[in-house]
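Take a look at the structure below.
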There are 2 protein chains.
Amino acid sequence: MARKTKEDAERTYHALLDAATKLFIHQGIAKTTLNDIATAAAMTRGAIYWHFDNKDAVIRALWERNASTLHDAFTTELKHLDRDDPAEHFRRIMKELVQSVVNQPELGQAIRIVMHSVEFTDEQTELQRFLNAKHVELHSTMEQAFATLKKRKALKTSLSSTLLSQGFMSYLLGLIHIYLEPGIKKLDLKKSGDQLLDLFLDPILARTE
Amino acid sequence: MARKTKEDAERTYHALLDAATKLFIHQGIAKTTLNDIATAAAMTRGAIYWHFDNKDAVIRALWERNASTLHDAFTTELKHLDRDDPAEHFRRIMKELVQSVVNQPELGQAIRIVMHSVEFTDEQTELQRFLNAKHVELHSTMEQAFATLKKRKALKTSLSSTLLSQGFMSYLLGLIHIYLEPGIKKLDLKKSGDQLLDLFLDPILARTE
DNA sequence: TTTTATACATACATAAACGTATGTATAAGG
DNA sequence: CCTTATACATACGTTTATGTATGTATAAAA
């Protein structure tokens with residue numbers, strides 16, 4: 001076949017990732033072969049091996065393209081809580097995060113795929129280590145955020161910031177996970193996301209007015 | 001080889017499940033082959049195919065042996081909340097559930113394996129459908145429990161029982177999931193389980209004294 | 001005691017996915 | 001305009017796990 005322009009090549013790159021996303025969601029990651037992805041994008045495996053090293057690299061690229069922006073924005077924003085009203089700032093960041101997941105289907109799909117790729121074993125693959133690092137990063141920034149909230153007297157409870165962080169992370173990840181999994185009982189995060197976050201945060205975040 | 005007694009056969013059955021558990025945990029489900037399991041139990045694949053249809057059947061058997069008891073006890077207990085003090089009864093059931101997961105390693109391992117086996121796709125395997133059914137059962141009994149709590153004026157909040165149920169399930173599953181995954185930041189559910197549950201339940205469960 | 005079903009081991013067939021090697025038309029660079 | 005690196009397609013070889021088929025020694029049934 002013929003050589004494409006740089007723009008064409010970039011188009012196939014995205015077409016491959018888009019095809020991979022659909023297939024991963026609809027028939028599962030394990031059952032999706034590289035050939036499936038290629039043909040779904042009207043290409044051959046040659047195209048995939050040109051753009052990616054293997055299936056794990058596809059998943060990682062998916063994360064980079066669809067989730068890394070939110071991850072970075074989230075972590076950096078958490079590190080700079082408002083001086084005057086950190087509690088409300090924190091609350092707003094969390095609500096925006098949830099709404100991002102709800103409003104950007106590609107983001108939600110990427111998160112779902114990534115969540116299923118994280119199997120913590122003795123010997124991690126490169127993808128596992130990468131995702132694990134991001135996971136740890138999330139947890140530690142969240143813990144720092146709660147530490148900051150505590151220092152600024154923005155917390156009602158006397159529980160340790162570590163414990164609160166772990167509890168809230170469990171809640172947040174649980175919400176997103178249940179939302180993203182298409183079980184029978186649907187969780188409407190779009191409508192109820194704010195209420196559900198307030199349900200947890202109201203009792204622990206102090207009012208500042 | 002020779003025929004074993006019924007007791008011997010049962011021993012190999014359990015040896016196979018034990019070996020499968022260890023391998024699934026340590027090297028992942030996908031990477032664990034039936035041959036791995038067999039040799040780890042000092043058997044051959046013949047033994048596996050005698051006792052199970054395939055790898056999915058092994059996982060299902062693992063659930064039946066190590067998790068079904070708790071699942072059944074949990075769901076039936078939730079359906080019979082105390083007449084006089086349903087809120088405290090509910091709280092106790094949840095704390096006992098968490099402590100069960102903490103105190104029974106085989107149970108926790110089974111849950112972890114099962115959690116990783118649930119990939120919701122268009123065409124579900126038999127295992128997927130089975131686990132999905134259990135999952136749905138959990139959600140609906142939890143929702144009924146919250147409906148009962150609401151009817152008996154055991155809830156402080158005016159939020160719908162459906163929403164509360166979804167929120168609490170997210171929290172519960174999130175806690176257990178983060179506890180079972182051996183990330184760097186460890187969640188000590190044994191010590192903090194009760195506090196973490198109270199953190200969520202105190203603001204919504206009414207006092208009855 | 002003979003028979004039969006059991007509880008595996010062993011052997012086989014295959015199929016599927018992977019990674020790599022190679023081919024090639026053509027944009028892009030000089 | 002010539003050359004080269006690009007962006008794939010195609011072909012190949014190998015591996016590896018799976019399911020099944022068959023063999024077999026012996027508990028258990030009769």
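The analysis underlying the following values was restricted to heavy atoms, covering all of them including side chains, and did not include hydrogens, waters or symmetry mates. Here is the naming used below: chain letters follow the sequence lines, and residue numbers restart at 1 for every chain.
In this structure, A:His116 and A:His177 have tilted ring planes: the angle between them lies in the 30° to 60° band. Classified by interplanar angle (parallel below 30°, tilted 30° to 60°, perpendicular above 60°), the ring pair A:Trp63/A:Phe130 is perpendicular.
As rounded to whole Å, 14 Å separates atom C1' of D:dT18 from atom NZ of A:Lys31. Atom C1' of nucleotide C:dG29 and atom NZ of A:Lys6 are separated by 11 Å, given to the nearest angstrom. If you take CE of B:Met43 and P of C:dA7, they are 12 Å apart, rounded to a whole angstrom. Rounded to whole Å, atom P of D:dA17 lies 20 Å from atom CG of B:Asp53. Straight-line distance from the CD1 atom of B:Ile37 to the C1' atom of C:dC8: 16 Å, rounded to whole Å. Look at CG on B:Leu16: it is 13 Å from C1' on C:dA9, rounded to the nearest Å. Here D:dT20 presents its C1' atom at 13 Å from CG of B:Asn54, a figure rounded to the nearest Å. Distance NZ (A:Lys4) to P (D:dA7): 10 Å, rounded to an integer number of Å.
Along DNA chain C, the nucleotide closest to B:Ile48 and the one closest to A:Asn35 are compared, and the more 5′ of them pairs with B:Ile48.
Within the 4.0 Å cut-off from OP1 or OP2 of C:dA7, not a single side-chain nitrogen or oxygen of B:His51 is found. In this model, the phosphate group of D:dC8 is not approached by any side-chain N or O of A:Trp50 to a distance below 4.0 Å at OP1 or OP2.
Across C:dG19, D:dG19, C:dC18, the shortest atom-to-atom separation from the side chain of A:Thr33 is found for C:dC18. Listed nucleotides C:dT10, C:dA7, C:dG19 differ in distance to B:Thr44; the shortest reach to its side chain belongs to C:dT10. Here C:dA28 is the nucleotide among D:dA7, C:dA28, D:dT20 with the atom lying nearest to any side-chain atom of A:Thr5. Between D:dT18, D:dG19, C:dT20, one nucleotide has an atom nearer to the side chain of A:Tyr49 than all others, and that is C:dT20. Taking only side-chain atoms of A:Leu34, from C-beta outward, the nucleotide of D:dA28, C:dG19, C:dA7 with the closest atom is C:dG19. Nearest nucleotide to the B:Arg45 side chain, out of C:dG19, C:dA11, D:dA9: C:dA11.
Between B:Leu159 and B:Lys150 the shortest heavy-atom distance is O-NZ, 3.0 Å.
The distance from the NE2 atom of B:His14 to the CD atom of B:Glu10 is 4.5 Å, given to the nearest 0.5 Å.
Remark: A:Lys186 is positioned above the aromatic ring of A:Tyr179, its terminal NZ or CZ atom under 6.0 angstrom from the ring centre and at most 45 degrees off the axis.
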